[in-house]
There are 2 protein chains.
Amino acid sequence: MFSNSTKYAIRTIEYLLHNNSDEKKSVVKLAAELDIPQPYLSKIMQQLSKGDIISSSKGRGGGFYLSDENMKRPLIDIVVCIEGYNVFDKCILGLKECSDKNPCLLHKYYGVFKASLVKPINQDSIKELFKLPN
Amino acid sequence: MFSNSTKYAIRTIEYLLHNNSDEKKSVVKLAAELDIPQPYLSKIMQQLSKGDIISSSKGRGGGFYLSDENMKRPLIDIVVCIEGYNVFDKCILGLKECSDKNPCLLHKYYGVFKASLVKPINQDSIKELFKLPN
DNA sequence: TTTAATTAGGATATAAATATCCGATTATCT
DNA sequence: AGATAATCGGATATTTATATCCTAATTAAA
Ligand code: SF4
Ligand code: SF4
């Protein structure tokens with residue numbers, strides 16, 4: 001469903017969200033903490049930063065963090081930033097078009113799937129989505 | 001979610017199911033009909049045949065078709081045959097373990113997803129799953 | 001002002017998925 | 001028997017995803 005890069009991105013952002021102290025997190029720390037190849041994660045973070053999904057500050061004591069604005073974005077924005085498009089807009093069987101008018105035979109199942117998993121991913125802010133249970 | 005190869009496999013098997021005349025279908029026909037690269041589809045069909053997901057007969061007039069046994073298998077068997085494992089058993093965030101005891105923050109959505117899409121894919125026979133609407 | 005810690009960015013390496021090619025084998029038809 | 005139409009199977013090519021490496025730019029602390 002998600003590429004490796006996207007999985008790394010989501011996990012890292014969830015981590016940032018739940019460890020949102022004043023202290024910014026360096027790639028070295030994040031990679032160690034989340035068990036992700038460090039130079040690879042570095043590239044991913046760069047891309048997310050460029051896409052305004054996360055925030056960064058350079059130099060000593062710098063690192064990555066989430067601004068209030070960042071936290072308002074839905075999870076799908078992370079996916080789009082990394083993969084280049086919304087994976088849920090594509091047909092799961094690779095057909096050119098998916099429509100309610102001309103449904104394939106997985107359509108009825110896919111509808112429920114969309115409502116259950118895709119809707120929160122597309123609409124809820126990550127802050128809301130990843131809210132810790134009380 | 002599914003690899004390209006798996007998508008091709010599913011689409012081809014759905015086609016075989018709905019065009020299940022006496023006549024066997026050659027790869028050349030199937031590839032043309034379904035708009036799939038012919039030599040590539042050939043490889044996929046070989047693999048499915050080896051895994052007893054579909055049936056084949058060699059020689060002139062031969063081709064691929066679905067036996068009654070073939071039609072009883074659930075869709076997941078196609079996926080496993082091509083990808084080598086059940087993609088739905090893996091964590092969608094790439095974590096080592098997914099359990100109800102130690103849930104991640106997508107867990108509550110994932111449950112509904114499994115019930116809605118994964119259950120029929122894992123359990124219903126393709127004949128049932130791909131039943132034409134009345 | 002120097003040093004150390006950090007992100008940014010370009011170039012490259014490796015692995016996996018996707019796709020093609022060709023010869024061998026098998027069965028049917030003439 | 002010979003020609004033809006098909007699957008089978010191995011080898012290889014191409015493209016994309018994954019991962020690493022190195023240097024520059026920036027900022028804070030010493
Ligand atoms: S419902 Fe059918 S056509 Fe639409 S995305 Fe799913 S598989 Fe594709
Ligand atoms: S519920 Fe969480 S841990 Fe389990 S598969 Fe989904 S994302 Fe992974």
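Throughout, a chain's letter reflects where its sequence line sits, starting with A, and its residues are numbered from 1. What you see below is based on every heavy atom in this structure, not just the backbone, and it leaves out hydrogens, waters and symmetry mates.
In terms of position on DNA chain D, the residue among A/Thr6 and B/Gly61 whose nearest nucleotide sits closer to the 5' end is B/Gly61. The residue among A/Gln46 and B/Pro37 whose nearest nucleotide of DNA chain C is located toward the 5' end is A/Gln46.
Here D/dA19 presents its C1' atom at 14 Å from CG of A/Asp35, a figure rounded to the nearest Å. Rounded to whole Å, atom P of C/dA13 lies 18 Å from atom OH of A/Tyr40. Look at CD1 on B/Ile53: it is 18 Å from C1' on D/dT7, rounded to the nearest Å. Taking atom CD of A/Glu23 as the reference point, atom C1' of D/dA28 lies 15 Å away to the nearest angstrom. Whole-Å rounding puts the A/Ile44 CD1 to C/dG9 P distance at 16 Å. Atom CG in A/Asn4 sits about 14 Å away from atom C1' in C/dT14, given to the nearest Å. Spacing between atom CD of A/Gln38 and atom P of C/dT6 amounts to 11 Å, rounded to whole angstrom units. Between the CD atom of B/Gln47 and the P atom of D/dG10 there is a distance of 13 Å, given to the nearest Å.
Contact check on B/Glu128 versus B/Lys131 returns a salt bridge, with a Lys/Arg side-chain nitrogen under 4.0 Å from an Asp/Glu carboxylate oxygen.
Contact annotation for A/Lys43: base contact, defined as any heavy-atom pair under 4.0 Å involving a base atom. The residue A/Val28 sits apart from the nucleic acid: no heavy atom pair falls under 4.0 Å. Counting any heavy atom pair closer than 4.0 Å across all strands shown, A/Ser5 reaches sugar-phosphate atoms only and no base atom. As judged by a 4.0 angstrom heavy-atom cut-off over every strand, B/Ser42 is placed among residues making no nucleic acid contact. Residue B/Lys29 is classed as having no contact, given no heavy-atom separation below 4.0 Å to the nucleic acid.
Candidate nucleotides D/dT20, C/dT20, D/dA3 were compared by shortest atom distance to the side chain of B/Arg60, and D/dA3 ranks first. Ranking D/dT7, D/dT20, C/dT20 by closeness to the A/Pro39 side chain, first place goes to D/dT20. If you check C/dT25, D/dT18, C/dT7 against the side chain of B/Lys58, the one that comes closest is C/dT25.
Hydrophobic clustering (ILVMFWY, side-chain heavy atoms < 4.5 Å, transitive): A/Ile13 and A/Tyr65 are in distinct clusters.
For the pair B/Lys25 and B/Phe64, the NZ or CZ position fails the cation-pi test of under 6.0 Å to the six-membered ring centre and within 45 degrees of the ring normal.
The side chain of A/Ser57 contributes no N or O atom lying less than 4.0 Å from OP1 or OP2 of C/dT7. The side chain of A/Ser49 contributes an N or O atom lying less than 4.0 Å from OP1 or OP2 of C/dA8. The phosphate of D/dA19 (OP1 or OP2) has a side-chain N or O of A/Tyr8 nearer than 4.0 angstrom.
Checked by atom type, the side-chain pair B/Asp52/B/Asn70 shows no donor-acceptor distance below 3.5 Å. Of the N and O atoms on the side chains of A/Ser5 and A/Tyr40, at least one donor lies less than 3.5 Å from an acceptor on the other residue.
Between A/Phe113 and B/Phe113, the two ring planes are tilted [angle within 30° to 60°].
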